[in-house]
Amino acid sequence: MTTATHRFSITSLPPAVKAVTLPILLILAWQAWTLTLPENSPAPAPAKVVASFLALTASGDLIWSTLQSLGRVIAGFAIAMVCGISLGVLMGSSKAVRENLDPIVESFRPIAPMAILPIAILWFGTGTPAALTIVAYAAFFPLLVNTVYGVSRVDRQLVRAAQTMGIGRLRTVLAVIVPAAVPSVLLGSRLAMGVAWTAIIAAELAVGAKSGSGGSGGIGNMMFIFYAYSVDLNGIVVCMIVVGVIALLIDRLFRAAETRLLPWRT
Amino acid sequence: MVSLMETRSAKELSEIPVDPSAVRRPARATMSPGQLAGRFWRARWFVVLRAFAVFIALWWGVSAWVSSPIQMPTPAKVFDAFLGLASSGELFQHIWISTQRLLVALVVATTIAVPLGFFMALNREANAFIDPLVELLRPISGIAWIPLGLFIFGVGGTLPVFIMAYVAFFPLLLNTVDGVKGIDRKLLAAAETMGVSRRARLTHIAVPAALPSVMVGFRIAFASAWAAIIAAELIGSPSGLGFAIEWYRQLLMSPKVFAFIMTIGAVGYLCDLGLRALQRKLTPWAEGTGIGQ
């Protein structure tokens with residue numbers, strides 16, 4: 001790695017400098033490349049992306065679209081949570097339920113959330129309910145699978161101890177099984193929220209693409225409008241970055257919740 | 001595997017109680033009809049069959065209740081549509097197009113991600129430079145690349161391949177890096193002491209040691225690519241399974257939509273089954289082939 005002609009070796013650079021080197025070089029190369037293009041080229045350029053970001057933020061469009069998408073994700077996630085966790089506890093704590101429902105769950109699991117979109121449009125039209133369906137469907141499986149896993153792995157001794165002490169079945173589930181399954185459920189929530197955020201972008205994009213200009217809003221729809229109507233690639237890149245940042249924030253939030261709620265696990 | 005074996009034993013049970021070989025298993029041969037029925041009732045294949053029967057019955061009930069053939073076609077109509085699509089060859093045509101794109105994308109992603117993963121894991125300096133860039137790009141989902149990809153590649157076959165290769169890249173890379181980093185340092189040191197060449201150390205120690213992790217990465221990559229292709233084809237391609245479901249949705253031919261959706265699930269499931277078999281074959285030494293997701 002070290003080159004004899006340089007007085008400083010690359011290896012001695014501080015880690016932070018190493019981390020930003022490649023991204024900065026790439027952005028510079030990108031900017032340099034766009035400078036060679038004609039003035040009216042639609043190609044996105046870093047400087048234009050920043051300007052576009054400022055303009056979209058100032059007009060409030062970006063924030064409003066992001067909030068709209070986030071709201072849908074949270075609502076869809078809440079639906080998935082209610083269904084996924086309750087069904088997961090049921091399947092995890094009863095072998096009969098698990099054996100009978102497993103084939104159905106396993107045959108739906110390989111069907112991608114986006115494959116459900118045509119049905120969702122047929123049922124609910126191109127508005128928010130269709131998007132919510134996709135999000136809830138996407139988030140449902142990681143929640144369910146991880147809840148089942150967590151519940152079925154609860155220490156049998158604890159369950160037996162509770163039964164010995166004459167605690168009823170429902171209270172055993174609520175007081176012993178559910179708390180013991182929390183780590184697994186939290187992991188499932190994190191995964192579910194990740195796929196839910198991807199799913200909402202896909203759903204809004206596709207709904208926008210398939211319903212013409214009468215899309216239902218949200219950041220995915222905004223991207224499609226930039227693509228199809230205003231041909232604003234800088235705007236698209238702004239949206240992509242926002243999508244990435246939100247995904248990162250969601251992930252960090254859930255990881256923080258895991259360490260906060262489960263301090264005994266590192 | 002398990003279900004297959006159990007199916008066989010259940011079959012034996014019902015068919016050959018008078019077989020001479022059954023003498024060796026008197027417990028089974030002398031089972032009372034009640035016990036036999038109980039065993040039959042609990043046999044895995046029967047449970048699966050029963051679950052599907054209940055599901056289809058419920059579906060039928062709902063479709064009768066909704067009584068809108070566009071929103072909820074009956075199972076019979078969907079089955080009909082499925083047979084029609086299969087016999088006309090249209091079904092296999094779309095499956096072939098989609099799986100072809102999938103294969104190309106996976107090959108592209110693997111040829112970039114796996115060597116890069118080895119390079120990053122074995123070279124700490126390179127890792128310090130490349131890893132932050134990977135972590136910057138990773139949160140941007142493949143789906144978010146669709147509008148830009150549409151502009152660059154246009155509507156067609158390249159966009160799905162690009163989106164899938166992007167989506168498959170990250171799990172492959174991260175799992176390769178993990179696998180290579182997890183190599184027992186003592187093995188490498190021992191080989192080095194014994195004068196094994198760098199190349200041989202790589203092919204005989206690093207590659208076999210990292211392979212289980214790479215295979216796990218490959219399975220995750222496949223699963224996410226298969227989910228992404230539907231979105232990519234639905235939005236920006238004139239062919240493939242993702243295109244087909246949306247095309248027939250617009251024509252309001254719901255039975256075909258349902259048939260194609262079931263095909264998407266079936267193809268995904270069968271591919272994963274194949275990958276699992278490959279995983280067992282290639283890396284029989286790997287402990288536990290289950291993945292967290």
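Convention: sequence-line order gives letters A, B, ...; per-chain numbering from 1.
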Legend entry - Residue B:L136 versus chain A: region with a heavy atom under 4.5 Å: side chain

Inset, instruction - Determine whether the aromatic ring centres of A:F108 and B:F55 lie less than 6.0 Å apart. - result: yes

Inset, instruction - Specify the closest pair of heavy atoms between B:W226 and A:P110, including all atoms of both residues, with the distance to one decimal. - result: CD1-O, 4.3 Å

Legend entry - Heavy-atom side-chain proximity of B:P147 to A:L205 below 4.5 angstrom: yes

Legend entry - Part of B:I130 lying under 4.5 Å from any heavy atom of chain A: both

Legend entry - Side chain / backbone / both / neither for B:F258 at chain A, heavy atoms under 4.5 Å: side chain

Inset, instruction - Working to the nearest 0.5 Å, report the span between CZ of B:R138 and CG of A:D251. - result: 7.5 Å

Inset, instruction - Output the distance between atom CD1 (B:I146) and atom CZ (A:F224), rounded to the nearest 0.5 Å. - result: 10.5 Å

Inset, instruction - Step through the shown structure and confirm whether more than 12 heavy atoms of other residues, nucleotides or ligands are within 6.0 Å of OH on B:Y269. - result: no

Inset, instruction - For chain B, find which of A:P23, A:A228, A:A247 contributes the most heavy-atom pairs closer than 4.5 angstrom. - result: A:P23

Inset, instruction - Taking all heavy atoms of A:A115 and all of B:I264, pick out the closest pair and write down the distance. - result: CB-CD1, 4.0 Å

Legend entry - Taking every non-hydrogen atom, the tightest pair across B:M72 and A:W123: SD-CZ2, 3.4 Å

Inset, instruction - Can you measure from CE (A:M223) to CG (B:L150) and round to the nearest 0.5 angstrom? - result: 10.5 Å

Legend entry - Residue, of A:I104, A:T21, A:I201, that accumulates the most heavy atom pairs under 4.5 Å with chain B: A:I104

Inset, instruction - Can you measure from CG (B:L234) to CG (A:L117) and round to the nearest 0.5 angstrom? - result: 6.0 Å

Inset, instruction - Go through the atoms of A:V245 and report whether side chain, backbone, both or neither lie under 4.5 Å from a heavy atom of chain B. - result: neither

Inset, instruction - Considering only heavy atoms and a distance below 4.5 Å, find which of A:V243, A:I111, A:I236, A:L233 pairs most often with chain B. - result: A:L233

Legend entry - Gap separating the CG atom of A:L122 from the CZ atom of B:R249, nearest 0.5 angstrom: 6.0 Å

Inset, instruction - Go through the atoms of B:V48 and report whether side chain, backbone, both or neither lie under 4.5 Å from a heavy atom of chain A. - result: both

Inset, instruction - Identify which part of B:L148 has an atom lying under 4.5 Å from any heavy atom of chain A, answering side chain, backbone, both or neither. - result: both

Legend entry - Heavy-atom pairs under 4.5 Å with chain B, option from A:P103, A:S107, A:A112 with the top count: A:P103

Legend entry - Within 6.0 angstrom of B:R50 CZ, more than 12 heavy atoms from elsewhere: yes

Inset, instruction - For the pair B:E246 (side chain) and A:P118 (backbone), establish whether a donor and an acceptor sit closer than 3.5 Å, ignoring hydrogens and angles. - result: no

Inset, instruction - Give the minimum heavy-atom separation between A:L13 and B:F129, together with the two atoms involved. - result: CD1-CZ, 4.4 Å

Legend entry - Atom CZ of A:F254 with >12 non-hydrogen neighbours under 6.0 angstrom: yes

Legend entry - Whether over 12 other heavy atoms sit under 6.0 Å from A:Y149 OH: no

Legend entry - More than 12 heavy atoms of other groups within 6.0 Å of A:W30 CH2: yes

Legend entry - A:L26 portion near chain B, given a 4.5 angstrom heavy-atom threshold: side chain

Inset, instruction - Return the option, out of A:I116, A:T198, A:D102, with the maximum number of heavy-atom pairs under 4.5 Å with chain B. - result: A:T198

Legend entry - Closest-packed option against chain A by number of heavy-atom pairs under 4.5 Å, given B:P132, B:A228, B:G268, B:A266: B:P132

Inset, instruction - Looking only at non-hydrogen atoms, find the nearest pair between A:M114 and B:I245 and report the distance. - result: O-CD1, 4.3 Å

Legend entry - Distance (rounded to the nearest 0.5 Å) between A:K18 NZ and B:D131 CG: 12.5 Å

